[in-house]
Each structure stands twice: as C-alpha cells, then as structure tokens.
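The model shown is predicted, which means the values in this text are computed figures rather than measured ones. Start at 1 and go down the list; that is how both ligands and their atoms are numbered.
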Amino acid sequence: MEQGDSSLDNEVKDFTSAIEAVFIQGRTPKIFSSKKVEESTLKRLYDLVKLGPTSGNSSPGRFVFLTTQDAKERIRPALSPGNVERAMAAPVLALVCHDPLFFENFSKLGGEEGLRDWFAADVGLSEETAFRNGTLQGGYFLLAARMLGMAVLPMSGFDSFMVEEALLQNVGWRVNFLVALGYPDASEEKTQVARAPRLNFEEACFSL
Ligand SMILES: Cc1cc2nc3c(=O)[nH]c(=O)nc-3n(C[C@H](O)[C@H](O)[C@H](O)COP(=O)(O)O)c2cc1C
C-alpha cells in the first residue's frame, strides 16, 4: 500500500464507527457516487477477505472485478431487468465466485496430508465445501467493503450460466452472486426508504 493513498481516507478507524458503518448505518444503496474505486483498494479488500475463516483453510472464494464499461457490458444480457441500470452504473461490478477445484491449492494453504485426495474423490463434499465457504467469503467481502468506506449492492438476480459462459470458462469457477461496489452517494439519504424490519431474537434464535 502506498503512503498517502487517498483511497484509504474512507476507512473506518475505530470500533464504534465499525459497528455503525457495517451494521447500524450500513444500508444497501441504489446509486453510487462518481468516486473511482482504486485498484489498490480492491487489493486491500481482498487482503482482508482472505483472512476470514474457511473450513480447513480451504479458501475456495474467487473474485472477479469488472472495472470498465466494456467488461460490464459482457454480462448485461445475464442481468435481471431490475438490476441492469444499477449494475451498469456501479464503479465496479464484482463477481463472487468459488473454485470447485479449490483442493488443488492445499499445498499452498498448509492443508493436512491427504486432504487434497479426500476432496478430489468426493464431488458432493467438495461442491458443498466450495459453496459454503465461498459464500462465507462473499459475506466477509460485503462487511470488509463497508469497513473500507464503500457501499455494496449484492445481487442474485442474474443468470449464472450466462455469466460463467461469458467470463469464467477459462478458469472454471462458479459464480454465486454479484456485488455492485462503489462509494456512497450523499443524495441517497434523502430518497432512502426506512429499513425493512428484521426478525427479533425470539423469532430467529433459541438458546439451550
Ligand atoms: C445475496 C443477496 C442477493 C441480493 N439480490 C438483489 C438483487 O438481485 N437486486 C437488488 O436490487 N437487491 C438485491 N439484494 C439486496 C437486498 O434486497 C438488500 O440488501 C436487503 O433488502 C437489505 O437492505 P438494507 O441494507 O437497506 O437493510 C440482495 C442482497 C443479498 C445479500
């Protein structure tokens, strides 16, 4: 990271601000400001995301950043109509993916002896592990992006086969969801509707 990098100005600096930014004030945006998301910020984002826990340190999450209009255009036909305008207008459109062959990296990830062969022999187990942990890493991505001062609009309204055919054939990754990524726009506050209610503790949890 370069000294004096202004892309870091928006980062959350203390614990109370983090809770506010990530959960209490953090909302899903419809629009973004025109502020560019620097490549250095995307690297910083991934360098945080990769530290979140995954089972056996399997680290199956993969991320593709569409940073140009041309790149975003390649998946326009795959987007649900309601998502097209928002996705196209976002400074970055990220694909949250996972690698079904994640176990081939175990030697780099300190995997236990025999773990690679165990996953390689069981497609059901490896697919479940890739999806579970890739989804978790997608969640870390959303929270880390908010910590870095960004606004995130996750989207599952798209055709995953079309996206994979357009962009992921060479790498063989599966796409899970998309994230429109940028900085908050000040005008959004005025137009934002109240946050939809959530289930309370008694409805969503129990303790034994
Ligand atoms: C996995 C996922 C998929 C979503 N898909 C879409 C989508 O396709 N289009 C959309 O406009 N919003 C989508 N959303 C946004 C949610 O509707 C929004 O984050 C949620 O209602 C919470 O809103 P709030 O942050 O304002 O409280 C998605 C969110 C998640 C986490």
Take atom 21 (O) of ligand 1 and look for protein heavy atoms under 4.0 Å from it; say yes if you find one, no if not.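 Given the 4.0 Å cut-off, atom 21 (O) of ligand 1 does not count as touching protein heavy atoms.
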Yes or no, since that's all I need: does a protein heavy atom fall within a distance strictly under 4.0 Å of atom 17 (O) of ligand 1?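 Within 4.0 Å of atom 17 (O) of ligand 1, no protein heavy atoms are found.
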For R86, state whether at least one heavy atom is located under 4.0 Å from any atom of ligand 1.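 Yes, R86 has heavy atoms under 4.0 Å from ligand 1.
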Have a look at ligand 1 and work out which part of R198, if any, has a heavy atom under 4.0 Å from it: side chain, backbone, both or neither.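 For R198, the contact with ligand 1 is made by the side chain alone.
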Of the backbone atoms (N, CA, C, O) and the side-chain heavy atoms from C-beta on, which set of L153 has a member under 4.0 Å from an atom of ligand 1: side chain, backbone, both, or neither?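 Answer for L153: side chain.
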List the closest protein heavy-atom neighbour of [atom]: residue, atom name, distance to the nearest 0.1 Å.
| atom | result |
| --- | --- |
| atom 3 (C) of ligand 1 | S156 OG, 3.3 Å |
| atom 23 (O) of ligand 1 | T28 OG1, 3.3 Å |
| atom 26 (O) of ligand 1 | R27 NE, 2.6 Å |

Consider every N or O of P154 and every N or O of ligand 1, then say whether any pair is closer than 3.5 Å.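 Between P154 and ligand 1 (N or O atoms, distance only) the closest approach is under 3.5 Å.
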Look only at interatomic distance and state if G26 has a nitrogen or oxygen under 3.5 Å from any nitrogen or oxygen of ligand 1.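 Such a contact does not occur with ligand 1.
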Apply side chain to side chain donor-acceptor pair (under 3.5 Å) to the pair S187 and D185, showing each step before the final yes or no. CA-CA 5 Å; S187 69; D185 189 275; 2.4 Å; yes
Working note: F201 + F206, criterion ring-ring contact (aromatic ring centres under 6.0 Å, His included); need CA distance, chi angles, decisive distance, verdict. CA-CA 8 Å; F201 185 90; F206 69 85; 9.8 Å; no
Within the 4.0 Å heavy-atom shell around [X], which atoms of ligand 1 are there?
| X | result |
| --- | --- |
| G157 | 8 (O) |
| R195 | 24 (P), 25 (O), 27 (O) |
| N83 | 7 (C), 8 (O), 9 (N), 10 (C), 11 (O) |

For E203, does the CD atom have more than 12 heavy-atom neighbours from other residues, nucleotides or ligands under 6.0 Å away?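 Buried by this count: over 12 neighbours within 6.0 Å.
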For [X] and [Y], work out which heavy atoms get closest and say how close.
| X | Y | result |
| --- | --- | --- |
| A166 | R74 | O-NH2, 3.1 Å |
| M162 | D159 | N-OD1, 3.0 Å |
| V163 | A78 | CG2-CB, 3.7 Å |

Between R198 (side chain only) and A196 (backbone N and O only), is there a donor and an acceptor less than 3.5 Å apart?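 Yes, the answer is positive, given that a donor and an acceptor are paired below the 3.5 Å cut-off.
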Is the side chain of S80 donor-acceptor paired with the backbone N or O of G157 at a distance under 3.5 Å, no angle test?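 Flag set: sc S80 to bb G157 pair under 3.5 Å.
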Name the residue from L95, V92, L178 that meets the side-chain contact (heavy atoms from CB on, under 4.5 Å) definition with L66.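 With L66 as partner, side-chain contact (heavy atoms from CB on, under 4.5 Å) holds for just one option, L95.
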